[in-house]
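Encoded as structure tokens, the structure appears first; notes follow it.
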Amino acid sequence: MALTGRLGLLALLGALVVGLLFPSGAGVLGVVVVLIVLVVVDLVFAGSVRALRFSRSGTTSVRLGEPAEVTLTVTNPGRRAVRGLLRDAWPPSAGADDRHRISVPSGERRVVTTVMLPTRRGDRLAFRVTVRATGPLGLAARQGSHEVPWAVRVLPPFHSRKHLPSRLARLQQLDGRSAVMIRGQGTEFDSLREYVAGDDVRSIDWRATARAADVMVRTWRPERDRHVVLVLDTGRVSAGRVGDAPRLDAAMDAALLLAALASRAGDRVDLLAYDRRVRAAVPGSSATTLLPSLVNAMAPLEPSLMETDSRGLVAEVLQRTRRRALVVLLTGLDAAPLEEGLFPVLSSLTSRHQVIVASVADPRVAEMARGRGDAESVYDAAAAERTLAERASVTARLGRRGVDVVDAVPEDLPPALADRYLALKAAGRL
């Protein structure tokens, strides 16, 4: 039983009136008895909370930053109406507007809609539904809770989608589907055409030229049906925050853009998330189902606060990828973890696959490196310069081992990685 503020107000007024009319203590006791009787009557005529029945419908998945709606149908099979407050409780990260006033007459049902704006990826689970039904006098209320399960999966937002049209246009140029002066480079023969100024003389087909009246050149197109493996490092380095989000979120955004581009190019795309064990795996899907499969697999991923087992990661990639592929490892460029983890096993990966290491850079480091205002800023700048030098050194070492490195701030990493993929495709290196 929950007494409302109205009860306290009535008790105070009653005590004052009785105290003035009946100075003896018997009058006060009489008021208390009357109030207790009123409270009991109010509870008796309040609707039954325990008898309520609930069902849910509505959104089951939503992109981070977009609103979602979950409807709750409340059925009252009891003999009395239920009027009062309902709280549809969700975790704070669901951003739910969860408090509602309800009035459900006997034998009827009402629909309550909870609007939420999630602030984190992953599965947001409904906690419980609590109803406080007040009596007709408003002096007291019945309260009870019910478990009504529901889950809303919050998917990665895919902000880099805006870069996809421009990269697809470049892909069409490489593939020869747009009118351009010079056809895209590649290793698969496409067709013959007449020589025009600016063509590479190495593309001249002398046999075809001998049979024709003009000089003929071969045109090429990028290889199709290649294999791209996206590897998300979900270990400790992915937990570092850049701006308002962990590095893992920026890596996911870059992976989604590359996956969308590669699938449109006719390549097979796989996903592997790993730290000390496989956290998620998506084998190659069709172009229509690839992105939904990827975002669903990425949604519940969280950084693990432990060092990644690089040997196990490489072994897992080699086991899953038998033929030559483009392996895109989205990880950090911190010198110590790479020195002890990836570098000793890197050769076994590069000997069989083309490898790209993509890393999220912190723009705050470059900003600190420019600081010169006071002694503290100078010390910060020295530390930032050392960090930048270490990343440059790691990049150079990876380059000497045949690894392409893409190091960019979160908003620039997705298009930079997509451009590197297109460059490799144009050069016939996939």
For this session: Would you sort out whether R391 and S359 count as a side chain to side chain donor-acceptor pair (under 3.5 Å), showing the intermediate values?
Result: CA-CA 10 Å; R391 293 177 74 89; S359 180; 3.1 Å; yes

For this session: Would you sort out whether D267 and K425 count as a salt bridge (Lys or Arg N to Asp or Glu O under 4.0 Å), showing the intermediate values?
Result: CA-CA 11 Å; D267 293 337; K425 206 164 186 65; 2.9 Å; yes

Problem set entry | Pair R128-V148, side-chain contact (heavy atoms from CB on, under 4.5 Å): steps then yes or no | CA-CA 6 Å; R128 63 168 61 103; V148 189; over 6 Å; no

For this session: Could you walk me through whether L155 and V62 pass the side-chain contact (heavy atoms from CB on, under 4.5 Å) test, one step at a time?
Result: CA-CA 6 Å; L155 307 174; V62 64; over 6 Å; no

For this session: Take D404 and Y421 through the test side chain to side chain donor-acceptor pair (under 3.5 Å) and record every step on the way to the result.
Result: CA-CA 10 Å; D404 286 273; Y421 164 79; over 6 Å; no

For this session: Starting from the C-alpha separation in whole Å, work towards a yes-or-no answer on salt bridge (Lys or Arg N to Asp or Glu O under 4.0 Å) for R120 and E302.
Result: CA-CA 10 Å; R120 288 181 59 187; E302 294 293 342; 3.6 Å; yes

For this session: For side-chain contact (heavy atoms from CB on, under 4.5 Å), just list the numbers for V74 and V82, CA-CA rounded to whole Å, side-chain angles, deciding distance to a tenth of an Å, and then say yes or no.
Result: CA-CA 10 Å; V74 186; V82 174; over 6 Å; no

Exercise. Given the rule in the side-chain contact (heavy atoms from CB on, under 4.5 Å) test, do T59 and M116 qualify, once you have shown the distances and angles that lead to the verdict?
Worked result: CA-CA 10 Å; T59 303; M116 57 185 69; over 6 Å; no

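At a threshold of 4.5 Å between non-hydrogen side-chain atoms, the residues D362 and V409 do not count as touching. Looking only at side-chain heavy atoms (C-beta outward), S106 and R80 stay at 4.5 Å or farther from each other. M306 places none of its side-chain heavy atoms less than 4.5 Å from the side chain of R236. Put simply, the side chain of I356 does not reach to within 4.5 Å of the side chain of V403, judged on heavy atoms. Two residues are said to be in side-chain contact when any heavy atoms from C-beta on lie closer than 4.5 Å; K162 and L164 fail this criterion.
Looking only at atom types and distance, the side chain of S145 has a donor-acceptor partner in the side chain of T130 under 3.5 Å away. With hydrogens and angles left out, the side-chain atoms of D88 and T114 include a donor and acceptor closer than 3.5 Å. Under 3.5 Å, the side chains of T119 and S93 contain no donor-acceptor pair of N or O atoms. Side-chain atoms of S377 and D380 form no donor-acceptor pair, as typed in the model, at a separation below 3.5 Å.
Interatomic distance, L85 CG to I102 CD1, rounded to the nearest 0.5 Å: 8.0 Å. Atoms OG and CG, from S238 and D249 in turn, are 9.5 Å apart once rounded to the nearest 0.5 Å. The line from CG of L86 to NE2 of H146 is 9.5 Å long, rounded to the nearest 0.5 Å. Between R124 atom CZ and R121 atom CZ the span is 9.5 Å, to the nearest 0.5 Å. Rounding to the nearest 0.5 angstrom, the gap separating the CG atom in L171 from the CD atom in Q173 is 9.5 Å. To the nearest 0.5 angstrom, L424 atom CG is 11.0 Å from D419 atom CG.
Judged purely by atom type and a 3.5 angstrom limit, S304 has no side-chain atom pairing as donor or acceptor with the backbone of G235. Of the possible polar contacts, one joining the R420 side chain to the V405 backbone as a donor-acceptor pair under 3.5 Å is found. R276 contributes a side-chain N or O that, together with a main-chain N or O of E307, makes up a donor-acceptor pair within less than 3.5 Å. Checking side-chain atoms of R110 against main-chain N and O of T73 turns up no donor-acceptor pair under 3.5 Å. A donor-acceptor pair under 3.5 Å is absent between the side-chain atoms of T60 and the main chain of V152, judged by distance alone. Formation of a donor-acceptor pair under 3.5 Å by the D309 side chain with backbone atoms of G312 is found in this model. Judged by distance alone, the side chain of R153 and the main-chain N or O of N296 form a donor-acceptor pair under 3.5 Å. Side-chain atoms of R142 do not come within 3.5 Å of backbone N or O of V49 as any donor-acceptor pair. R372 contributes a side-chain N or O that, together with a main-chain N or O of A369, makes up a donor-acceptor pair within less than 3.5 Å. The main-chain N or O of D253 is found under 3.5 Å from a side-chain atom of S160 such that the two form a donor-acceptor pair.
Salt-bridge annotation for E339 and R397: present, with a side-chain N of the basic residue lying under 4.0 Å from a carboxylate O of the acidic one. Checked for salt-bridge contact, R63 and E66 miss the test: no charged N lies under 4.0 Å from a carboxylate O. R87 has a carboxylate O that lies under 4.0 Å from a charged side-chain N of D98, or vice versa, which qualifies the two as a salt bridge. Under 4.0 Å is where a charged nitrogen must lie from a carboxylate oxygen, and between D270 and R268 at least one such pair does.
Here the rule is side chain to side chain contact (heavy atoms under 4.5 Å, CB included) with L417, and of L257, L258, L230 only L258 fits it.
Of all the heavy atoms in A250 and P410, the pair that sits closest is CB-CB, 3.9 Å. The two atoms that bring A262 and V228 nearest to each other are CB-CG2, 4.2 Å, heavy atoms only. Scanning both residues, N76 and G78, for their nearest heavy atoms gives OD1-N, 3.1 Å. The minimum heavy-atom distance between W150 and R56, with the atom names listed, is CB-CD, 3.1 Å. The shortest non-hydrogen separation linking A358 to L413 is CB-CD1, 4.3 Å. Closest heavy-atom contact between L338 and P344: O-CD, 4.1 Å.
Heavy-atom contacts from other residues, nucleotides or ligands closer than 6.0 Å to CG of D374 number more than 12.
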Exercise answer: donor-acceptor pairs, residues 313-333 side-chain atoms, under 3.5 Å, sequence neighbours excluded:
| from | atom 1 | to | atom 2 | distance (Å) |
| --- | --- | --- | --- | --- |
| E316 | OE2 | R320 | NE | 2.8 |
| E316 | OE2 | R320 | NH2 | 3.2 |
| T321 | OG1 | V317 | O | 3.1 |
| R322 | NE | Q319 | O | 3.4 |
| R323 | NH2 | D225 | O | 3.3 |
| R324 | NH1 | R352 | O | 3.3 |
| T331 | OG1 | D233 | OD2 | 2.7 |

